[in-house]
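Order of the sequence lines fixes the chain letters, A, B, ..., with proteins taken first and strands second; residue numbering starts at 1 for each chain. Quick note: numbers below take in every heavy atom, side chains included, and nothing from hydrogens, waters or symmetry partners.
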2 protein chains.
Amino acid sequence: MQLKSSAEQREAFHTSCRRHGLRITPQREVIYDVLCHSGTHPTAEEMHRLIRKRYPSMSLDTVNRALLTFARIGLAEVVEGYGSPRRFDANLAMHHHVHCLQCGMILDFSDPTYDALEIPASLKKQFTILGHKVVLTGICRECREKENRKR
Amino acid sequence: MQLKSSAEQREAFHTSCRRHGLRITPQREVIYDVLCHSGTHPTAEEMHRLIRKRYPSMSLDTVNRALLTFARIGLAEVVEGYGSPRRFDANLAMHHHVHCLQCGMILDFSDPTYDALEIPASLKKQFTILGHKVVLTGICRECREKENRKR
DNA sequence: ATGTTTGCAAATAGTTTGCATCCAG
DNA sequence: CTGGATGCAAACTATTTGCAAACAT
């Protein structure tokens, strides 16, 4: 996904790194650039494969660490998926989720407005839509209080 | 999450197993029961820990296999999370996702109606909500066509 | 100069596979 | 009885950690 012009992209990257006291290394620049131009929400492994074409000496660890660092400083996001450790749910009725970003807890809630959401017609052409769910992200009360106590 | 009365639960379990030609084993019964009564979207490991109290000889593999089987026959769902392999995204603007359940592909889309979704007031008390996203699930065109060709 | 970042290697976590034994049907 | 299910062990995949060398500041 090309989100920003190259110039804007570089700008965002440098600003963010400087603000967090991180060094600007050629590896990180390449990793961020490839991530910005990729439309597929790549895994570290996929990124590494792509990057190796341009930068054969880069190690997978560096890619992994850079991506985690980007997520930590808000330059990128970790996207929801169905990987491990897998979480299971026997509640098959329509419901929605709140994720605590701190402790990983997932809470169910129901909301008739959310249940009734319309699926955009343009998507129905490309996908056979089987379900939908609203995912809220935030910090749960417990983690919030833990955080407050620390300060 | 207690979803169903024990009787309904047993009923759903037996019907589903029979329909799919699966044997009803004591292990599977316990695993399904624990899953139904758990409100936390447990991982296989967490389930195993819980189950061991009641059924000390059960192996983690059995729990894992049973949960995957339940998901396959529609008795349970795998819930979205941020586990491995982690997928990253540099698109920080509000957007939404369609997941292909077959190939795992994640597509971005935008939708102003979805962007403007109100957060239920009751949740705001318990959570500091930082973001929201609509996640659609289905089968992408490619996978649908692949499936059609097979038949 | 100096302290962060890198690349490699080893450790770990979660999952999957192979296989002999067991048991539901 | 018999094939599917279980439990164990080994293989595998993704990730994390420890550490010496490299390099951004």
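- Within 4.0 Å (heavy atoms only), R65(B) reaches at least one base atom of the nucleic acid.
- I31(B) comes within 4.0 angstrom of nothing in the nucleic acid, heavy atoms only.
- Listed in residue order, the members of residues 79-87 of chain A having a heavy atom less than 4.0 Å from DNA chain D come to none.
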Result block: side-chain N/O donor-acceptor pairs under 3.5 angstrom for residues 61-69 of chain B, not counting sequence neighbours:
from: T62(B); atom 1: OG1; to: S59(B); atom 2: OG; distance (Å): 3.1
from: T69(B); atom 1: OG1; to: R65(B); atom 2: O; distance (Å): 2.7

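- For residues 19-33 of chain B, the pairs satisfying salt bridge (charged side-chain N to carboxylate O under 4.0 Å, His left out) are R10(B)-E29(B), D33(B)-R54(B), with sequence neighbours left out.
- In this structure, the CG atom of N64(A) is 16 Å from the P atom of dT13(D), given to the nearest Å.
- Taking for each of R28(B) and L22(A) the nucleotide of DNA chain D with the nearest heavy atom, the 5'-most of the two is the partner of R28(B).
- At whole-Å resolution of the value, CZ in F70(A) and C1' in dT5(C) are 12 Å apart.
- Sorted by first and then second residue, the ring pair (Phe, Tyr, Trp, His ring centres under 6.0 Å) pairs involving residues 73-93 of chain A (not counting sequence neighbours) are Y82(A)-H99(B).
- Counting only N and O atoms by type, the side chains of H96(B) and D108(B) include no donor and acceptor under 3.5 Å apart.
- By the side chain to side chain contact (heavy atoms under 4.5 Å, CB included) test, C17(A) is found to be paired with F13(A), L22(A), I24(A), residues two or more places apart in sequence or in another chain being considered.
- Through chains of ILVMFWY side-chain contacts below 4.5 Å, M105(B) is grouped with V98(A), M105(A), L107(A), F109(A), Y114(A), L117(A), I119(A), L123(A), F127(A), I129(A), V134(A), L136(A), V98(B), L107(B), F109(B), Y114(B), L117(B), I119(B), L123(B), F127(B), I129(B), V134(B), L136(B).
- Between the side chain of S84(A) and the backbone N or O of S84(B), at least one donor-acceptor pair lies under 3.5 Å.
- Contact between H41(A) and D89(B) at its shortest, heavy atoms only, is CE1-OD2, 3.0 Å.
- The hydrophobic cluster of M94(A) has no other members, since no ILVMFWY side-chain heavy atom comes under 4.5 Å of it.
- To the nearest angstrom, C1' of dA5(D) lies 14 Å from CD1 of I73(B).
- Comparing the helix axis at one end of the helix from dA1(C)-dT25(D) to dG25(C)-dC1(D) with that at the other, each defined from 5 consecutive pairs, gives an inter-axis angle of 40° (nearest 10°).
- Residue pairs meeting the salt bridge (charged side-chain N to carboxylate O under 4.0 Å, His left out) criterion with at least one member in residues 115-127 of chain B, sequence neighbours excluded, do not occur.
- Distance CZ (R72(B)) to C1' (dG4(D)): 12 Å, rounded to an integer number of Å.
- For R52(A), the side-chain hydrogen bond (donor to acceptor under 3.5 Å, both in side chains) partners at least two apart in sequence or on another chain are H48(A).
- Rounding to whole angstrom units, CG of residue L67(A) and C1' of dT16(D) are separated by 15 Å.
- For DNA chain C, the neighbouring residues in residues 45-62 of chain B, judged by any heavy atom under 4.0 Å, are E45(B), D61(B).
- Between the side chain of R87(B) and the main chain of V79(A), no donor-acceptor pair closer than 3.5 Å is present.
- Within the 4.5 Å cutoff, the side chain of K133(B) has heavy atoms near those of the E80(A) side chain.
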Give each protein N/O atom lying under 3.5 Å from an N/O atom of nucleotides 21-24 of chain C, with the pair distance.
from: dA24(C); atom 1: O3'; to: I24(B); atom 2: O; distance (Å): 3.4

